[in-house]
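What you are looking at is a predicted structure, and each value in this text was computed from that prediction instead of being measured.
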Amino acid sequence: MLTVFYDGRCGLCDREIAFYRRRAKSGSVRWLNIWDQPPELAAAGLTPALCLQQLHLLDEQQHLHTGVDAFLLLWQIVPALAWLARLARLAPVRWLLNAGYRLFLCWYRRQPHVQQCTIYTNKEHNES
């Protein structure tokens, strides 16, 4: 079973997770909202601030995957998207997906709740 960590405060992320939930094979994914502070978050060495940087996913062997690599694993368990996972393994397609994801992250990291979390985490880090 895959474990997906997602930002439950982001409307776009909520809609995307809802899309995957409806289409993923039943019982194949645990969906964990990072703001609920699930024990799996700390066990994977993650924090909400870190998870806001890009998608994080644990595979069946509890190996951590991030960004496009995480999406590829997720797409594999969604029957309607399995073809996309196969296509994304091609180098030119993978390069385009990574470039597109980096552009998305530039926009996403400017969202107020992401900035607040980052500011809060940096403040904590500087005080210690």
Could you tell me which non-hydrogen atom of A24 sits nearest to which non-hydrogen atom of V78, and how far apart they are? CA-CG2, 4.0 Å

What are the two closest non-hydrogen atoms of L72 and A85, and how far apart are they? O-CB, 3.7 Å

Is there a side-chain contact between W107 and L103, using heavy atoms and a 4.5 Å cut-off? no

Closest non-hydrogen atom pair, P48 against Q37: CG-NE2, 3.0 Å

Looking at CZ of R9 and CG of L52, how far apart are the two atoms once the value is rounded to the nearest 0.5 Å? 8.5 Å

Could you check whether any side-chain heavy atom of L2 comes within less than 4.5 Å of a side-chain heavy atom of L58, counting everything from C-beta outward? no

Using every non-hydrogen atom in the two residues, find where R89 and R94 come nearest and quote the distance to one decimal. CA-NH1, 4.3 Å

Do you reckon F19 sits in the same ILVMFWY cluster as V4, going by side-chain contacts under 4.5 Å, direct or chained? yes

Say whether L84 and W95 are linked into one hydrophobic cluster, either directly or through other cluster members, by side-chain heavy-atom distances under 4.5 angstrom. no

Looking at R21 and D14, is there a salt bridge between them, counting it only when a charged N and a carboxylate O are closer than 4.0 Å? no

Any chance you could lay out the side chain to side chain contact (heavy atoms under 4.5 Å, CB included) test for L32 and T3, step after step, and finish with the verdict? CA-CA 7 Å; L32 301 178; T3 302; 3.4 Å; yes

Over all atoms of both residues, closest heavy-atom pair of Q76 and K25: O-NZ, 4.4 Å

Decide whether L96 and L74 are clustered together by the hydrophobic rule: side chain heavy atoms of Ile, Leu, Val, Met, Phe, Trp, Tyr closer than 4.5 Å, transitively. no

Going from CG on L97 to CG on L87, what distance comes out if it is rounded to the nearest 0.5 angstrom? 8.0 Å

Over all heavy atoms of both residues, which pair between H56 and Q54 is shortest? Give the atoms and the distance, please. ND1-O, 2.7 Å

With the 4.5 Å side-chain cut-off for hydrophobic clustering, are L73 and M1 part of the same group? no

Between Y20 and F71, how do the two ring planes meet: parallel, tilted or perpendicular, split at 30° and 60°? tilted

Side chain to side chain contact (heavy atoms under 4.5 Å, CB included) with F5: which of I34, L55, N33, L57? I34

